[in-house]
Amino acid sequence: QVRLVESGGGLVQAGGSLRLSCTASGNTFSRYSMGWFRQAPGKEQEFVAALDWRGDNTVYSDSVQGRFTISRDNAKNTVYLQMNSLKPEDTANYFCGQSSANYYTTVAAGYRYWGQGTQVTVSS
C-alpha cells in the first residue's frame, strides 16, 4: 500500500502562482508514472498533468498547457505541480495519483493509488 500526501494548496489571486507537492511512502515511487487530477464542486474529475517514471515525458490538459509544469524528484519520492498564471476556473481540489505503469496515462482508471487532495482557490 502506498500513501500519497499532497500539500501546497491555498488561496491566491488570479495571475498568481502556487506549487503543489505530493510525497509518496514506500520505496517503489521511482518505478511508476505519476499524475495530477482536479475536481471542482459539482464537476467531474479532470486530468491535469502526468509524467513518466523518470520525468522525461510529460503530458498536460489543454486547459493548463503552458501555465502548469509537472516534475518529480525520485530521491525525495515527490512529484510537483508548478502552477502559474492561475485563473478562477483553476479552483478545485487537486490530488495526485500513482499509476500502475511506468509510462504516463491521462486516464484515472490507470492509477492505483490516490492522495486526499489539497484545495486550490483562485480569487478574481
Side-chain angles (χ1 to χ4, degrees):
Q1 186 76 14
V2 172
R3 183 174 179 230
L4 302 175
V5 179
E6 301 93 339
S7 61
L11 174 64
V12 63
Q13 288 189 330
S17 299
L18 284 173
R19 188 175 84 152
L20 307 184
S21 299
C22 169
T23 300
S25 65
N27 58 5
T28 62
F29 178 81
S30 62
R31 301 178 191 174
Y32 301 106
S33 66
M34 298 291 295
W36 287 95
F37 288 71
R38 67 187 181 186
Q39 188 165 22
K43 294 189 176 181
E44 296 286 324
Q45 180 187 80
E46 176 188 12
F47 167 76
V48 176
L51 79 174
D52 67 8
W53 64 292
R54 295 200 306 180
D56 291 339
N57 296 287
T58 60
V59 60
Y60 300 90
S61 68
D62 290 344
S63 61
V64 308
Q65 178 75 49
R67 300 187 297 122
F68 291 11
T69 302
I70 188 172
S71 61
R72 67 190 298 162
D73 184 338
N74 285 344
K76 295 183 179 180
N77 276 17
T78 300
V79 61
Y80 304 97
L81 186 67
Q82 177 66 44
M83 306 186 295
N84 298 330
S85 302
L86 283 161
K87 304 175 181 180
E89 51 264 44
D90 293 319
T91 295
N93 185 45
Y94 285 71
F95 47 99
C96 66
Q98 182 184 78
S99 84
S100 55
N102 58 13
Y103 202 71
Y104 64 67
T105 176
T106 64
V107 179
Y111 289 80
R112 181 168 49 180
Y113 299 109
W114 295 98
Q116 293 298 309
T118 185
Q119 179 67 33
V120 171
T121 303
V122 184
S123 63
S124 57

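Only a predicted model underlies this, so the values are computations on that prediction, with no experimental measurement involved. Hydrogens, waters and symmetry mates are skipped; everything else that's a heavy atom, side chains included, is used.
Cluster membership check: Trp53 does not share its hydrophobic cluster with Leu81, using side-chain heavy-atom separations under 4.5 Å among Ile, Leu, Val, Met, Phe, Trp and Tyr. Tyr80 and Phe29 are members of different hydrophobic clusters when ILVMFWY side chains are connected at heavy-atom separations under 4.5 Å.
Judged purely by distance below 3.5 Å, without hydrogens or angles, the side chains of Thr118 and Ser7 never pair a donor atom with an acceptor atom. In this model, no donor atom of one side chain and acceptor atom of the other lie less than 3.5 Å apart for Asp52 and Ser33.
Side-chain contact check for Arg31 versus Asn102: every heavy-atom pair is 4.5 Å or farther apart. In this structure, the side chains of Ser63 and Glu89 stay at 4.5 Å or more apart for every pair of heavy atoms. Using a 4.5 Å heavy-atom threshold, the side chains of Tyr113 and Gln1 count as touching.
Atom OG1 of Thr78 is separated from atom CG of Leu20 by 12.5 Å, given to the nearest 0.5 angstrom. Atoms OG and NZ, on Ser124 and Lys87 in that order, are 14.0 Å from each other to the nearest 0.5 Å. Considering CD of Gln45 and CG of Asn93, their distance stands at 10.0 Å, rounded to 0.5 Å. In this structure, Arg112 CZ and Ser99 OG are separated by 7.5 Å, a value rounded to the nearest 0.5 Å. Put simply, CG on Asn77 and CZ on Arg3 are 13.5 Å apart, with the number rounded to the nearest 0.5 Å. Taking CG of Leu18 as the reference point, atom CD of Gln82 lies at 8.5 Å (rounded to 0.5 Å).
The heavy-atom pair separating Tyr32 from Ser100 by the smallest distance is CD2-C, 3.8 Å. Contact detail for Thr23 and Lys76: the closest heavy-atom pair is CG2-O, 4.1 Å. Scanning both residues, Gly115 and Glu6, for their nearest heavy atoms gives CA-OE2, 3.1 Å. What you find for Leu86 and Met83 is that their closest heavy atoms are CD2-CB, 3.8 Å. For Ser85 against Ser17, the heavy-atom pair with the smallest separation is N-OG, 4.3 Å. For Val64 against Arg38, the heavy-atom pair with the smallest separation is CG1-NH1, 4.0 Å.
Listed by first and then second residue, the disulfide (SG to SG under 2.5 Å) pairs that reach into residues 82-124 are Cys22-Cys96, sequence neighbours excluded.
No cation-pi contact links Arg67 to Tyr60, judged by a cut-off of 6.0 Å to the six-membered ring centre and 45° from its axis.
A distance-only check finds no donor-acceptor pair linking the side chain of Thr121 to the backbone of Thr91 [under 3.5 Å].
The neighbour count for Asp56 CG, taken as heavy atoms of other residues, nucleotides or ligands under 6.0 Å away, is above 12.
Phe95 belongs to a hydrophobic cluster whose remaining members, ordered by chain and number, are Phe37, Phe47, Val59, Tyr103, Tyr104, Tyr111, Trp114; membership requires side-chain heavy atoms of ILVMFWY residues under 4.5 Å apart, directly or through intermediates.
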